[in-house]
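Heads up: numbering here begins at 1 and tracks the sequence. All heavy atoms count here, side chains included; hydrogens, waters and symmetry mates do not.
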Amino acid sequence: MSVSTMTGPIVAGVYPGQPVAVVQEAAALAARLDRALLCGYVTPDSYLTEWERADLRREASLHPESVGPDDERLAIDLAAAITDALADTRVEAADAAGEAEAGASGAGEPGGWPAGAGPSGGGMGRGLSNGWVLRILAGDPSRALARVAEEVDAPLIVVGTHQSGFGHAVEEWLSGSVAVQLTRAQHRSVVVVPIGHASRRTRTLG
């Protein structure tokens with residue numbers, strides 16, 4: 001399959017504390033391809049979703065039945081941080097609005113935030129004429145991102161490299177790189193944004 005045959009948004013893996021370069025590069029790419037941007041946040045305490053029965057695993061990953069107050073607060077703060085990051089994005093197109101949405105079927109409005117709970121509004125990134133959305137996902141990060149990319153028929157998945165430091169190195173050794181796993185486990189192209197260089201670590205999401 002080629003990018004031209006896939007009609008969905010660009011998918012970007014995001015998390016609190018991530019350098020803004022990842023979401024900004026994803027937004028610029030989405031604008032140039034005239035696509036929407038879907039930011040996927042995989043909650044860190046949801047890995048056991050992968051232990052669900054095969055017939056339940058996909059739905060539990062894409063549409064978690066419940067989102068705890070801590071995760072919901074994190075997602076709201078993350079959406080606000082993405083809003084700020086995209087306000088600084090420079091691409092050749094008109095300004096557009098975006099909206100933040102949690103992918104939890106049990107949290108208020110179907111498939112989204114309760115009315116008034118999710119931040120939304122204008123100035124969400126220069127050039128994103130098709131807008132953006134934040135989805136809460138569950139499970140292993142690489143598998144969850146692959147599932148949502150398949151669900152929305154995304155042409156590309158954008159992720160960052162792992163961060164430096166002993167803690168991140170141990171995590172990388174234990175779980176493997178999300179980018180590497182995505183290239184091995186699914187067929188969509190993966191764009192990897194280098195975030196290890198000092199010039200990429202000046203601002204973070206939250």
Inset, instruction - Report yes or no: does Ser177 contribute a side-chain atom to a donor-acceptor pair with the main-chain N or O of Ala179 at less than 3.5 Å? - result: yes
Legend entry - Distance, nearest 0.5 Å, that separates OH of Tyr41 from CD1 of Ile82: 11.0 Å
Inset, instruction - To the nearest 0.5 Å, tell me how far Ile136 CD1 sits from Leu62 CG. - result: 13.0 Å
Legend entry - Atom pair CG (Asp140) and OG (Ser46), whose distance is rounded to the nearest 0.5 Å: 9.0 Å
Inset, instruction - Verify, without hydrogens or angle tests, whether Asn130 (side chain) and Leu37 (backbone) share a donor-acceptor contact under 3.5 angstrom. - result: no
Legend entry - Student check: side-chain heavy atoms of Arg203 and Gln24 closer than 4.5 Å: yes
Legend entry - Leu86 side chain near Trp132 side chain, heavy-atom distance below 4.5 Å: yes
Inset, instruction - Check the pair Thr204 / Val20 against side-chain contact (heavy atoms from CB on, under 4.5 Å), numbers first and verdict last. - result: CA-CA 5 Å; Thr204 61; Val20 298; 5.6 Å; no
Legend entry - Criterion side-chain contact (heavy atoms from CB on, under 4.5 Å) on Arg57 and Arg147, from CA distance to verdict: CA-CA 10 Å; Arg57 189 181 306 132; Arg147 290 184 188 113; 3.3 Å; yes
Legend entry - Side chain to side chain, Leu29 and Leu156, heavy atoms closer than 4.5 Å: yes
Inset, instruction - Please tell me if the side chains of Val191 and Glu25 come closer than 4.5 Å, counting only heavy atoms from C-beta onward. - result: no
Legend entry - Heavy-atom pair with the smallest gap, counting every atom of Gly160 and Val192: C-CG1, 4.4 Å
Legend entry - Whether Ser142 side chain and Gln181 backbone form a donor-acceptor pair below 3.5 Å: no
Legend entry - Heavy-atom side-chain proximity of Ser61 to Thr49 below 4.5 angstrom: yes
Inset, instruction - Kindly indicate whether the side chain of Val22, heavy atoms from C-beta on, has any atom under 4.5 Å from the side chain of Ile195. - result: yes
Legend entry - Pairwise side-chain contact, Val11 with Leu145, heavy-atom cut-off 4.5 Å (strictly under): yes
Legend entry - Evaluation steps, side-chain contact (heavy atoms from CB on, under 4.5 Å), between Leu78 and Ile76: CA-CA 5 Å; Leu78 181 59; Ile76 291 175; over 6 Å; no
Inset, instruction - May I ask you to decide if Ala146's main-chain N or O and Arg188's side chain share a donor-acceptor pair within less than 3.5 Å? - result: no
Legend entry - Considering all heavy atoms, the nearest Pro141-Val42 contact: CA-CG2, 3.9 Å
Legend entry - Pair His187, Glu150: side-chain N/O donor-acceptor within cut-off below 3.5 Å: no
Legend entry - Any Leu137 side-chain heavy atom under 4.5 Å of Pro64 side chain: no
Inset, instruction - Would you name the heavy atoms of Thr7 and Arg35 that are closest together and state the gap between them? - result: C-NH1, 3.6 Å
Inset, instruction - Rounded to the nearest 0.5 Å, what's the gap from CD on Glu72 to CG on Asp77? Could you check? - result: 11.0 Å
Legend entry - Test log, rule side-chain contact (heavy atoms from CB on, under 4.5 Å), inputs Leu33 and Ile10: CA-CA 9 Å; Leu33 295 176; Ile10 301 298; 3.9 Å; yes
Inset, instruction - Return the minimal non-hydrogen interatomic distance between Pro155 and Gly8, and the atom names on each side. - result: CD-O, 3.4 Å
Inset, instruction - Ignoring hydrogens and angles, tell me if any N or O in the side chain of Gln18 forms a donor-acceptor pair with the backbone of Gly13 under 3.5 Å. - result: yes
